[in-house]
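Each remark here refers to the structure printed beneath this line.
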Amino acid sequence: MTSQITIHKAGGKWVVRAGGAVLAESGNALEVITTDGKATIYFPRADVAMAFLDQSDNGSTCPDRGAATHYAIETKSQTIGDAAWSYEAPKAGFEQIAGFLAFHNSDKVAVEQL
């Protein structure tokens with residue numbers, strides 16, 4: 001059984017910070033909410049400083065969304081492995097997030113609404 005996932009435009013402006021740098025800032029982010037109520041913010045690639053991200057050899061597969069490409073964040077002082085992911089060719093019904101990037105909100109990466 002697949003989970004119920006909703007996608008809609010995230011309200012306001014969102015930012016991603018890591019290693020003292022702003023990696024993404026967008027007023028065009030999407031909010032993806034799963035059945036358990038967990039929300040993840042996805043940023044348009046055009047609003048992400050891709051120079052800070054390196055594609056990882058790792059990946060993952062979501063039964064609903066498909067294969068995800070993972071990215072490490074390179075800061076001045078550290079590499080934060082598999083800190084972001086993107087669905088380049090998501091399954092049917094999730095085309096809206098194609099090419100958008102999401103970030104693991106952690107003690108090293110902050111995803112915040114401004």
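- Under the ring pair (Phe, Tyr, Trp, His ring centres under 6.0 Å) criterion, Tyr71 pairs with no residue, sequence neighbours left out.
- Rounding to the nearest 0.5 angstrom, the gap separating the NE2 atom in His70 from the CD atom in Gln55 is 10.5 Å.
- The side chain to side chain contact (heavy atoms under 4.5 Å, CB included) with Asn105 is formed by just one residue from the set Val111, Ile41, Thr40, Val16; it is Val111.
- Interatomic distance, CG of Asp57 versus CG of Asp82, reported as 9.5 Å (0.5 Å rounding).
- Using a 4.5 Å cut-off between side-chain heavy atoms of Ile, Leu, Val, Met, Phe, Trp and Tyr, with links allowed through other members, Val22 and Phe52 fall into different hydrophobic clusters.
- Phe43 is not listed as a side-chain neighbour of Leu23, based on a closest heavy-atom distance of 4.5 Å or more.
- Of all the heavy atoms in Gly19 and Thr75, the pair that sits closest is CA-CG2, 3.8 Å.
- Residues Leu30 and Gln96 come closest through the heavy atom pair CD1-O, 3.5 Å.
- In this structure the side chain of Leu101 reaches within 4.5 angstrom of the side chain of Leu53, judged on heavy atoms.
- Side-chain atoms of Leu114 and Glu25, non-hydrogen and from C-beta on, do get closer than 4.5 Å to each other.
- Judged by distance alone, with hydrogens and angles left aside, the side-chain atoms of Thr79 form no donor-acceptor pair with the main-chain N or O of Gly81 at under 3.5 Å.
- No continuous path of hydrophobic side-chain contacts links Ile97 to Phe103 [ILVMFWY only; heavy atoms under 4.5 Å].
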Give the table of side-chain donor-acceptor pairs shorter than 3.5 Å for residues 84-93, with sequence neighbours excluded, one pair per line with atom names and distance.
residue: Trp85; atom: NE1; partner: Tyr42; partner atom: OH; Å: 3.2
residue: Ser86; atom: OG; partner: Arg45; partner atom: NH2; Å: 3.4
residue: Ser86; atom: OG; partner: Glu88; partner atom: OE2; Å: 2.7
residue: Ser86; atom: OG; partner: Phe100; partner atom: O; Å: 2.9
residue: Glu88; atom: OE1; partner: Arg45; partner atom: NH2; Å: 3.2
residue: Glu88; atom: OE2; partner: Arg45; partner atom: NH2; Å: 2.7
residue: Lys91; atom: NZ; partner: Pro63; partner atom: O; Å: 2.8

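- For the atom pair CG (Asp64) and CZ (Phe94), the distance works out to 5.0 Å, reported to the nearest 0.5 Å.
- Residue-environment remark: CG (Asp36) exceeds the threshold of 12 foreign heavy atoms within 6.0 Å.
- Under the 4.5 Å side-chain heavy-atom criterion for ILVMFWY residues, a single connected hydrophobic cluster contains both Val109 and Trp14.
- Nearest heavy-atom pair, Arg65 versus Val32, reported as atom, atom and distance to 0.1 Å: NH1-CG1, 3.9 Å.
- Closest of all the heavy-atom pairs between His8 and Ile33 is CE1-CD1, 3.5 Å.
- Looking at Gln113, its side chain does come within 3.5 Å of a backbone N or O of Gly11 through a donor-acceptor pair.
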